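Computed over heavy atoms, backbone and side chain alike; hydrogens, waters and symmetry mates excluded. Counting from 1, the numbers follow the sequence of the chain as shown. As the structure is a computational prediction, the values presented were derived from the model and not from experiment.
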Amino acid sequence: MIDAIGERARAAARRLALTTTESKNAALFAMAARLEEAADAVLEANGDDVTRAEQEGISNSLLDRLRLDGSRLEGMAAGLRSVAALPDPVGEVTAGWRLANGLDIARIRVPLGVVAVIYEARPNVTVDAAGLCLKSGNAALLRGSSTALRSNMAIGSALRAGLADADIPEDAVQVLEDTSREGARELLRAKRWVDLLVPRGGPGLLAQIEAEATVPVVVDGAGNCHVYVDAAADLDQAVSIVVNAKTHRPGVCNAAEKLLVHQSVAPEFLPRVAKELSDAGVELRGDPAAMEIIAEMAPASDEDWDTEYLDLVMAVRVVPDLGTAVEHVLAHGTGHTEAIVTQDISAADAFVDGTDSAVVMVNASTRFTDGEQFGFGGEIGISTQKLHTRGPMGLSALTSERYVVRGDGQVRR
């Protein structure tokens, strides 16, 4: 089956590579309109998925990612329109120069071809990935989980109708109905058809992909994100940032999971932030120094420091200095997002230089690690690896570069 799907995707990708920016933008607007027209059908399908998921007892964080409402659906349609407003990366000349022999060399962005995305319980990814792939000239193979199958199929039907309205091949967006493990395995090994695979899911999915994938992969990894409150922090600002980073949407990868506090401000800061977090329903687990200040805090285990909770849980450590905070992040972080709260520029610079993550925030919530918040008009994922792309993956991350050399009869001697 993957050969038939892949062949259609490859044919659509060849068409898309030659499609004008104006035509791609028209398709994005048509897809948004069709999605809005199909709102009732999409929400009905999503309601079925949510009901079944609740019966199966999936976690609250996954339920939050799965559930759609009118507002979220409008946001998804708006996201498509915002992608249409972004500059088209295809054809961009990123560098150019002339050699002494008269050859003109240009480095130019081109589409990757066929991009596959495997994701869990997040129907908004169907829209985000389809829109970004289309604008960057790539065909999209979208394989969601069985949990969101009805939602994804309803959304995919609407998006494909929009493509047809704009005279773009419908197979530029294919939502795969096969959610079996064997179906996923076929996709992971479809080197003939897939130019890039982006997985978005939990540790189990990532482990399978690392073990079985033969296609090129960009890992959208776990987010064991830290906020470090420095000795020179504005504590009012720090409370606001920590509470937002933990509670705004605790089930997403850019939510803060760990809080590190300099020992000089911990006696004043921890009672304040603990009250705010507790009022928001957050369970705190601390090291011995933190528990001396907040007696009702549960003890943190060794496992806690490496756990991405995706829930209203946060581990707290009091550290003697910035260097120890950086060492803790390097030992336990996942390379996603780290934040420092400080009014000391040299401390901020030391934290930025010392930590090795895709994104570092200075006096801002980790929740801003997001393609839309970065001005990318959505994202296809957040890369925690270092090759090809890193951090929120927008349009340029879905292109490659090639060289075009123009001469006038030169030969090499």
Side-chain angles (χ1 to χ4, degrees), residues 5 8 12 23-85 117-135 139-179 183 200-201 248-249 251-252 370-372 377-380:
I5 292 168
R8 295 199 302 271
S23 294
K24 290 187 288 189
N25 289 344
L28 288 164
F29 277 101
M31 291 159 69
R34 284 287 193 169
L35 185 61
E36 290 172 335
E37 291 173 8
D40 289 344
V42 170
L43 293 178
E44 181 180 353
N46 182 251
D48 292 341
D49 284 336
V50 170
T51 297
R52 190 176 71 256
E54 288 174 333
Q55 292 170 348
E56 293 173 357
I58 73 167
S59 69
N60 289 332
S61 61
L62 282 177
L63 273 176
D64 176 59
R65 295 184 180 200
L66 172 62
R67 185 176 285 110
L68 297 177
D69 56 24
S71 176
R72 285 190 177 182
L73 206 59
E74 280 298 320
M76 289 154 61
L80 290 170
R81 296 186 177 103
S82 70
V83 171
V117 186
I118 296 183
Y119 50 106
E120 296 175 340
R122 298 183 66 174
N124 65 293
V125 173
T126 305
V127 177
D128 292 345
L132 290 168
C133 285
L134 177 71
K135 183 64 180 267
L141 295 179
L142 308 177
R143 193 268 190 188
S145 63
S146 59
T147 308
L149 179 60
R150 291 175 176 83
S151 305
N152 289 333
M153 297 306 296
I155 291 169
S157 178
L159 297 179
R160 286 167 63 89
L163 290 171
D165 292 340
D167 198 27
I168 299 288
E170 291 183 41
D171 286 331
V173 175
Q174 296 185 68
V175 178
L176 308 189
E177 194 167 359
D178 182 357
T179 61
R200 299 187 63 172
H248 184 252
R249 281 192 70 189
V252 295
D370 178 275
E372 185 175 2
E379 69 190 24
I380 200 165

Point to revise | Those residues that, when tested against Glu120, pass salt bridge (Lys or Arg N to Asp or Glu O under 4.0 Å) (two or more places apart) | key: none
Practice item. Return the minimal non-hydrogen interatomic distance between Leu63 and Ala53, and the atom names on each side. Key: CD2-CB, 4.0 Å
Check your understanding: Could you go step by step and tell me if Arg249 and Asp64 meet the side chain to side chain contact (heavy atoms under 4.5 Å, CB included) rule?
Key -> CA-CA 9 Å; Arg249 281 192 70 189; Asp64 176 59; 3.1 Å; yes
**Study point:** From CA spacing to verdict: side chain to side chain contact (heavy atoms under 4.5 Å, CB included), Thr147, Leu62
**Key:** CA-CA 10 Å; Thr147 308; Leu62 282 177; over 6 Å; no
Study note, to complete from the structure: Taken to the nearest 0.5 Å, the spacing of Ser23 OG from Leu28 CG works out to 11.0 Å
Exercise for review: Please list, chain by chain and in numerical order, all residues satisfying side-chain contact (heavy atoms from CB on, under 4.5 Å) with Arg52, sequence neighbours excluded.
Suggested key: Asp49, Glu56, Arg150
Revision key, fill the gap. Applying side-chain hydrogen bond (donor to acceptor under 3.5 Å, both in side chains) to Thr126 and not counting sequence neighbours gives Tyr119, Asn152
Review point. Should Thr179 and Arg143 count as side-chain neighbours, where that means a heavy-atom distance under 4.5 Å?
Key: yes
Review point. Of all residues at least two apart in sequence or in a different chain, which pass the salt bridge (Lys or Arg N to Asp or Glu O under 4.0 Å) check with Asp165?
Key: Arg34
Check your understanding: Are there more than 12 heavy atoms of other residues, nucleotides or ligands under 6.0 Å from atom CD of Glu37?
Key -> yes
Exercise for review: Decide yes or no for Leu68 and Met76: does some side-chain heavy atom of the first lie under 4.5 Å from some side-chain heavy atom of the second?
Suggested key: yes
Practice item. Might you work through the side chain to side chain contact (heavy atoms under 4.5 Å, CB included) test for Met31 and Leu163, ending with a clear yes or no? Key: CA-CA 6 Å; Met31 291 159 69; Leu163 290 171; 3.7 Å; yes
Check your understanding: Minimum heavy-atom separation for Ala121 to Ser145, with atom names?
Key -> N-OG, 3.0 Å
Check your understanding: How about Ile380 and Cys133: do any of their side-chain heavy atoms sit closer than 4.5 Å?
Key -> yes
Exercise for review: Flag the pair Arg8 / Ile5 as yes when at least one side-chain heavy-atom distance between them is below 4.5 Å, and no otherwise.
Suggested key: yes
Study note, to complete from the structure: Here the gap from Lys135 atom NZ to Lys24 atom NZ, rounded to the nearest 0.5 Å, amounts to 7.0 Å
Check your understanding: For Ala139 and Ala12, which heavy atoms make the closest approach, and how far apart are they?
Key -> CB-CB, 4.4 Å
Point to revise | Residue pair Ile168 / Leu134, side-chain heavy-atom distance below 4.5 Å | key: yes
Check your understanding: Closest heavy-atom contact between Gly131 and Leu80?
Key -> CA-CD2, 3.7 Å
Exercise for review: Please name the pair of heavy atoms, one in Leu142 and one in Ala129, separated by the smallest distance, quoted to 0.1 Å.
Suggested key: CD2-CB, 3.8 Å
Exercise for review: Using atom types as modelled and distance alone, determine if a side-chain donor or acceptor of Arg65 lies under 3.5 Å from a backbone N or O of Gly251.
Suggested key: yes
Practice item. Assess whether atom CG of Asp69 is packed by more than 12 heavy atoms of other residues, nucleotides or ligands within 6.0 Å. Key: yes
Distance-only check: which donor-acceptor pairs under 3.5 Å involve side-chain atoms of residues 153-161, not counting sequence neighbours?
| residue | atom | partner | partner atom | Å |
| --- | --- | --- | --- | --- |
| Arg160 | NH1 | Glu170 | O | 3.0 |
| Arg160 | NH1 | Asp171 | OD1 | 3.3 |
| Arg160 | NH1 | Val173 | O | 2.9 |
| Arg160 | NH2 | Asp171 | OD1 | 3.4 |

Point to revise | Partners passing salt bridge (Lys or Arg N to Asp or Glu O under 4.0 Å) against Glu54 (at least two apart in sequence or in another chain) | key: Arg67
Review point. Would you say Asn124 and Arg72 make side-chain contact, with heavy atoms under 4.5 Å?
Key: no
**Study point:** Heavy-atom pair of closest approach, residues Ala30 and Ala166
**Key:** CB-CB, 4.5 Å
Check your understanding: So, do Leu66 and Pro123 sit near enough that their side-chain heavy atoms are less than 4.5 Å apart?
Key -> yes
